[in-house]
2 protein chains.
Amino acid sequence: MSFSPLLQQLITALRCLPGVGPKSAQRMALHLLERERESARHLANALHEAVEKIGECQICHTLSETPVCDICADDTRDKQVMCVLESPVDLIAIEQTGGFRGVYFVLKGHLSPIDGIGPDDLGIGHLLERVVSEGIKELILATNPNVEGEATAHFIAAQINDADVRVSRIAHGVPVGGELEFVDGGTLAHALAGRRTLQRDIK
Amino acid sequence: MSFSPLLQQLITALRCLPGVGPKSAQRMALHLLERERESARHLANALHEAVEKIGECQICHTLSETPVCDICADDTRDKQVMCVLESPVDLIAIEQTGGFRGVYFVLKGHLSPIDGIGPDDLGIGHLLERVVSEGIKELILATNPNVEGEATAHFIAAQINDADVRVSRIAHGVPVGGELEFVDGGTLAHALAGRRTLQRDIK
């Protein structure tokens with residue numbers, strides 16, 4: 001005795017969600033069927049529509065419903081400053097700060113030879129083409145501050161030979177609003193090494 | 001700047017899953033769109049099929065793809081012993097023990113006046129009808145061993161006036177394979193009160 005075929009199929013299908021194991025999938029399937037049939041129907045439609053209609057921007061590779069995303073299509077953005085990111089979520093996070101007016105390039109991942117993910121999978125060729133063809137003046141590498149992100153950033157930096165392109169990396173340091181006591185050693189070492197002089201007003 | 005309308009719709013729809021908050025929903029949506037489009041399509045279909053085709057058994061109210069579930073349709077089961085459960089998952093758990101050959105009644109919940117869930121919502125009327133019409137000899141109340149489950153079991157027991165129907169409750173006690181040291185006080189008290197005499201062989 002086990003679940004009926006359709007129920008078993010739903011439980012298996014739910015396991016494609018990140019962080020959902022066999023027990024959670026079972027709980028989710030029964031919850032939907034017992035109490036949330038309308039929401040389940042809605043979720044099925046939302047999934048279907050999203051998969052069919054959301055593609056990627058031809059220019060920056062972020063998720064987009066149109067061939068060119070709103071940011072790439074926006075003429076008021078500074079097209080000479082480009083920020084390189086690992087994921088569309090990072091793009092949203094940076095946009096929400098409101099402090100960046102340049103354009104983006106989304107790699108959708110990081111270099112990972114062990115998983116067979118090389119420069120071609122991340123579209124690094126396309127990125128380098130854009131740097132040349134669009135006359136980029138500054139390339140800000142904002143990949144994640146972990147080993148894979150650093151490696152990816154260094155790989156990209158090594159490909160840029162043009163002396164006119166400034167290649168920068170986002171600053172490592174202590175988070176704003178935190179307390180030194182709770183900051184890990186690696187971050188603290190970076191924060192010290194990257195210290196900046198506070199200029200006194202000169203009269 | 002935020003997510004595109006279809007992506008936002010998907011993130012909102014994913015929140016109907018139990019235990020999924022805004023951050024998990026966002027992570028799930030992006031994971032599906034970036035890496036698992038085929039699985040997402042499959043999940044949409046599985047949800048759709050399950051919602052449309054899985055109904056409940058007319059007799060025992062468990063989830064079933066047919067009007068009468070396999071267990072209720074099985075003539076080899078003992079139709080005079082009925083086990084009352086809170087959920088279809090509990091039915092699967094009991095079937096997996098292989099030790100029960102009677103039939104079931106699934107309440108799909110427990111009495112909860114605060115949420116407006118009364119006897120009618122659990123189909124207790126139908127349960128009582130079955131007890132009479134099918135000539136049930138024993139009704140095993142296997143609702144959850146918590147306050148709500150106990151209350152529901154006592155409510156049902158109080159409705160059975162027929163002296164020919166034995167009403168029982170599953171035993172409370174120490175779990176098999178555990179150690180007394182780690183058993184909570186309430187369970188230990190129940191285990192002591194429910195102690196059984198070990199019969200010596202009489203020759």
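Remember, it's a predicted structure, so these values are computed and weren't measured experimentally. Below, chain A is the first sequence line, B the second, and so on; all start at residue 1.
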* Candidate list B/Asn146, B/Leu111, B/Leu141, test side chain to side chain contact (heavy atoms under 4.5 Å, CB included), partner B/Thr152, passing option -> B/Leu111

* Asked: Picking from B/Thr62, B/Thr12, B/Val20, B/Leu33, which has the most non-hydrogen pairs under 4.5 angstrom with chain A?
  -> B/Leu33

* To do: Would you mind checking which part of A/Glu49 comes under 4.5 Å of any heavy atom in chain B, side chain (CB onward), backbone (N, CA, C, O), both or neither?
  => both

* Asked: When heavy-atom pairs shorter than 4.5 Å are enumerated against chain B, which of A/Leu7, A/Asn45, A/Ile54 gives the highest number?
  -> A/Ile54

* Under 4.5 Å from any heavy atom of chain B - which part of A/Glu36 -> side chain

* Asked: Sub-3.5 Å donor-acceptor pair from the side chain of A/Lys79 to the main-chain atoms of A/Cys72, do we have one?
  -> yes

* Asked: Does A/Lys137 offer a backbone N or O that forms a donor-acceptor pair with the side chain of A/Gln80 under 3.5 Å?
  -> no

* For the residue pair B/His126 and B/His61, is the inter-centroid distance of their aromatic rings smaller than 6.0 Å? -> yes

* Residue A/Glu56 versus chain B: region with a heavy atom under 4.5 Å -> neither

* Out of A/Ser39, A/Ala40, A/Ala46, which one racks up the most heavy-atom pairs below 4.5 Å with chain B? -> A/Ala46

* Structure fact -> Paired with B/Leu17, the side chain to side chain contact (heavy atoms under 4.5 Å, CB included) test is passed by just one of A/His31, A/Arg27, A/Met28, namely A/Met28

* To do: Under 4.5 Å, counting heavy-atom pairs only, tell me which of B/Lys108, B/Glu38, B/Arg35, B/Arg41 racks up the most with chain A.
  => B/Arg41

* To do: Check each atom of A/Leu63 against the heavy atoms of chain B and say whether the ones under 4.5 Å are side chain, backbone, both or neither.
  => side chain

* Asked: Just wondering, do B/Cys60 and B/Ile71 contact through their side chains at under 4.5 Å, heavy atoms?
  -> no

* **Leading residue by heavy atom contact count with chain B [cutoff under 4.5 Å; candidates A/Leu47, A/Ile11, A/Leu30, A/Leu14]** => A/Leu47

* Does the side chain of A/Glu148 come under 3.5 Å of the side chain of A/Ser112 through a donor N or O and an acceptor N or O? -> no

* For A/Gln26, is it the side chain, the backbone, both, or neither that has a heavy atom closer than 4.5 Å to a heavy atom of chain B? -> side chain

* Structure fact -> Under 4.5 Å to a heavy atom of chain B? For A/Leu32 that would be side chain

* Structure fact -> Counting heavy-atom pairs under 4.5 angstrom with chain A, the leader among B/Arg15, B/Glu65, B/Gln9 is B/Glu65

* Give a yes-or-no answer on whether the side chains of A/Ser87 and A/Asp90 include a donor-acceptor pair shorter than 3.5 Å. => no

